[in-house]
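For the single chain, residues carry numbers from 1 onward in sequence order.
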Amino acid sequence: VETRCGTLTFVDGRPTPETSALMYDTLDFMRGVEVFLNFIPATSIEGIRRGMDQIGINEAHKVAVFKDLMDSNPLFLTGNTDTVYASSILDLQRDGPTVIEVPKGQGPSTVNDAYFRFVTDMGVPGPDKGEGGKYLILPPDYDGDLDPPVGGYEAVVDGETYFVSKSTSYINWFIARGFLVDGKTDTAVEAYQTGLKIYPLKDKAAQPQMEFLNASKKVFNTVHANTFEFYNELHAVIDREAISTFDPELRGLAAAIGIEKGKPFDPDSRMKEILTEAVAVGNATARTIWLKPRDRSAYLYDDSGWFTAFIGGNYQWLRDDGNGGRYLDARTMFFYMATVNTPAMVLKIPGKGSQYALNVTDSNGDFLDGSLSYQLTIPANVPAKDFWSVVVYDPQTRSELQTSQPFPSKNNKRDALASNDDGSVTLHFGPEAPAGKEQNWIQTVDGKGWFAILRLYGPEEPWFEKTWRPGEIEVSR
């Protein structure tokens with residue numbers, strides 16, 4: 001039998017020893033690729049946990065606050081330069097049920113579990129609706145009377161009212177976003193320092209002192225490995241988490257290549273060679289799914305390069321509300337290049353939450369080249385109640401593009417942008433600023449690619465109805 005794997009030889013339907021060996025090598029290889037594609041969410045959270053640990057964020061009451069915004073120093077999957085991030089890691093196995101108090105006026109904030117599943121929203125899109133409140137996050141092995149649905153519910157615990165959620169994992173990521181006021185971070189930073197509290201419920205009467213570390217300008221890495229080390233990262237996650245964190249199908253997939261809870265991961269030389277190739281092919285596959293989507297529903301408009309990171313519009317990655325099963329490629333695409341999973345990013349909630357559009361090509365369909373000069377016109381009356389921005393990223397790291405500009409972006413609230421006569425704004429991209437256009441220029445790197453993300457915070461009806469749309473990225477003539 002001639003196949004892409006080679007010639008397979010059978011005698012009366014029985015494989016020869018050579019064919020058997022080839023088929024098992026192929027099976028192990030395919031399992032290795034599938035483990036990479038399906039477990040990116042888990043290793044991505046692990047990468048964030050390790051990155052936070054690098055800068056001293058290793059207890060729940062320690063919070064990284066980007067007091068001067070997120071610049072391009074850290075490796076952080078498509079982080080933005082426009083909101084004031086606050087980030088902390090919850091360890092529910094160590095601390096048990098954990099309380100998060102968010103201040104009034106808090107911007108979009110989320111807790112995700114160790115597989116980037118949604119646990120709860122907080123702030124404006126959350127159940128407190130921006131009024132502030134106390135959230136209680138229960139561990140996966142909690143067996144008390146509280147039984148919250150996904151997203152949580154309101155309940156009284158020991159005389160206090162909480163928005164209660166139960167996580168499916170011990171490790172959870174808390175990520176908050178505060179808005180600029182008059183282009184400055186001061187208000188959001190002050191709100192965190194005076195109103196954000198995180199502590200184990202058992203320590204309610206003697207809460208640990210909050211510690212806020214300024215993560216701006218720090219160099220650290222939160223991105224998972226794309227080498228054999230990926231499997232070691234995954235083993236650390238599976239070994240630490242509860243059995244119930246991953247369903248039998250996912251655990252079986254990992255076990256097929258030797259990754260099991262409570263057992264060492266120590267592949268022999270044959271298996272390590274196979275997995276080293278598998279992770280390379282998995283990485284190549286994920287990059288192709290992300291940068292060359294073949295599903296036309298990914299694209300926001302006909303004959304346009306703008307596409308959505310949430311193919312299918314479902315934060316659980318269900319196709320046709322689950323009738324078509326899980327949209328595996330859509331999940332891989334999103335988590336390979338982005339973080340934070342919340343319904344607020346996909347639901348139509350005019351005036352709240354956020355919406356995103358990606359573009360990796362120019363109007364001719366060619367990948368963006370840092371050696372060339374481009375322009376992008378943002379039409380007038382952008383349907384964003386809060387603000388809009390365009391951020392430029394490195395296609396290798398999927399993090400902010402590192403140039404002489406600390407913030408590779410433009411933001412209509414932070415930056416004094418020059419407008420055209422009709423109220424539109426034309427942004428310019430290239431290694432050198434065009435004469436007289438410096439204030440609207442985002443620098444690129446000669447000989448290096450880039451891609452852009454348009455963000456709308458507080459998106460309004462014209463965005464959802466597509467009666468307003470951004471221009472295409474055009475090569476400057």
Side-chain angles (χ1 to χ4, degrees), residues 26-50 77 91-93 111-119 139-142 150 165-173 223-267 271 274-275 278-279 281-283 285-286 289-290 310-312 314-319 321-342:
T26 302
L27 181 61
D28 289 340
F29 171 77
M30 291 191 298
R31 295 284 193 255
V33 172
E34 286 296 322
V35 165
F36 181 87
L37 296 176
N38 286 292
F39 278 101
I40 290 173
T43 57
S44 186
I45 283 284
E46 176 65 2
I48 292 170
R49 186 197 68 79
R50 294 183 183 195
L77 293 177
D91 186 339
L92 304 179
Q93 185 175 38
V111 173
N112 284 153
D113 82 348
Y115 193 60
F116 256 120
R117 285 173 293 224
F118 174 69
V119 177
D141 52 4
Y142 169 82
V150 174
S165 294
K166 184 177 180 180
S167 176
T168 47
S169 65
Y170 293 128
I171 292 296
N172 291 259
W173 183 35
V223 181
H224 63 81
N226 284 332
T227 63
F228 179 84
E229 182 59 24
F230 177 95
Y231 300 113
N232 287 322
E233 293 172 349
L234 177 60
H235 179 253
V237 175
I238 289 178
D239 208 37
R240 179 179 56 239
E241 293 295 342
I243 284 289
S244 60
T245 298
F246 302 104
D247 65 29
E249 288 288 331
L250 280 173
R251 282 189 280 112
L253 187 59
I257 64 168
I259 299 176
E260 294 184 68
K261 182 177 176 64
K263 297 182 180 180
F265 174 57
D266 186 23
M271 192 64 171
I274 288 172
L275 292 180
V279 77
V281 171
N283 182 41
T285 304
I289 291 171
W290 159 46
F310 274 101
I311 298 178
N314 186 289
Y315 76 96
Q316 295 175 310
W317 318 106
L318 299 177
R319 190 195 297 262
D321 295 322
N323 293 325
R326 189 91 58 192
Y327 203 155
L328 301 179
D329 289 354
R331 183 176 65 190
T332 295
M333 171 188 169
F334 180 83
F335 288 113
Y336 188 76
M337 51 71 61
T339 65
V340 187
N341 183 18
T342 163

Quiz prompt | NZ or CZ of Arg319 within 45° of Tyr327 ring axis and under 6.0 Å | solution = yes
Exercise. Check the pair Tyr115 / Leu250 against side chain to side chain contact (heavy atoms under 4.5 Å, CB included), numbers first and verdict last.
Key: CA-CA 11 Å; Tyr115 193 60; Leu250 280 173; 3.8 Å; yes
Self-check item: Minimum heavy-atom distance Met271-Ala256, with the two atoms named
Solution: CE-O, 4.2 Å
Exercise. Drop me the distance from Ile171's CD1 to Ile48's CD1, to the nearest 0.5 angstrom.
Key: 12.0 Å
Quiz item: Any donor and acceptor pair, going by atom type alone, linking the side chain of His235 with main-chain N or O of Lys263 inside 3.5 Å?
Solution: yes
Quiz item: With Arg31, which residues qualify under salt bridge (charged side-chain N to carboxylate O under 4.0 Å, His left out), at least two apart?
Solution: none
Quiz item: Got a second to check how far Leu275's CG is from Phe230's CZ, nearest 0.5 Å?
Solution: 11.0 Å
Quiz item: Which heavy-atom pair separates Leu234 from Ala42 by the least distance, and what is that distance?
Solution: CD1-CB, 4.2 Å
Quiz item: Between Asn38, Val33, Ile40, which is the residue that forms a side-chain contact (heavy atoms from CB on, under 4.5 Å) with Phe36?
Solution: Ile40
Quiz item: Between the main-chain N or O of Leu318 and the side-chain N or O of Asp321, is there a donor-acceptor pair closer than 3.5 Å?
Solution: no
Exercise. Indicate whether any N or O donor in one side chain lies under 3.5 Å from an N or O acceptor in the other, for Asp113 and Thr168.
Key: yes
Quiz item: Roughly how far apart are Asn283 CG and Leu37 CG, rounded to 0.5 Å?
Solution: 9.5 Å
Quiz prompt | Lys166 to Tyr142 - nearest heavy-atom pair and separation | solution = NZ-O, 3.2 Å
Self-check item: Exam field: side chain Glu241 to backbone Tyr170, donor-acceptor pair closer than 3.5 Å
Solution: yes
Self-check item: Parallel, tilted or perpendicular: ring planes of Phe334 versus Phe310, cut at 30 and 60 degrees
Solution: tilted
Self-check item: Rounded distance (nearest 0.5 Å) linking atom OG1 of Thr245 with atom CZ of Arg117
Solution: 6.5 Å
Quiz item: So, for Ser169 and Pro140, which heavy atoms are closest and what is the spacing to 0.1 Å?
Solution: O-CD, 3.3 Å
Quiz item: Is there a side-chain contact between Phe29 and Val281, using heavy atoms and a 4.5 Å cut-off?
Solution: yes
Quiz item: Do Pro267 and Ile257 come within less than 4.5 Å of each other through their side chains, counting heavy atoms only?
Solution: no
Quiz item: Counting N and O atoms only, with roles assigned by atom type, does the side chain of Tyr231 sit under 3.5 Å from a partner on the main chain of Gly32, one being a donor and the other an acceptor?
Solution: yes
Quiz item: Does any N or O in the side chain of Asn172 come within less than 3.5 Å of the main-chain N or O of Val111, such that one atom is a donor and the other an acceptor?
Solution: no
Quiz item: Is there a donor-acceptor pair closer than 3.5 Å between any side-chain N or O of Glu233 and the backbone N or O of Glu46?
Solution: no
Quiz item: Quick one: CZ on Arg49 to CH2 on Trp173, what's the gap to the nearest 0.5 Å?
Solution: 14.0 Å
Quiz item: Would Glu249 and Arg326 pass as an ion pair if we require N to O under 4.0 Å?
Solution: no
Quiz prompt | For the student: nearest non-hydrogen atoms of Phe116 and Val340, plus distance | solution = CE2-N, 3.2 Å
Self-check item: Minimum heavy-atom distance between Asp239 and Lys261, given as atom pair plus value
Solution: O-NZ, 2.9 Å
Quiz prompt | Value rounded to 0.5 Å, distance of CH2 in Trp317 from CG in Leu328 | solution = 11.5 Å
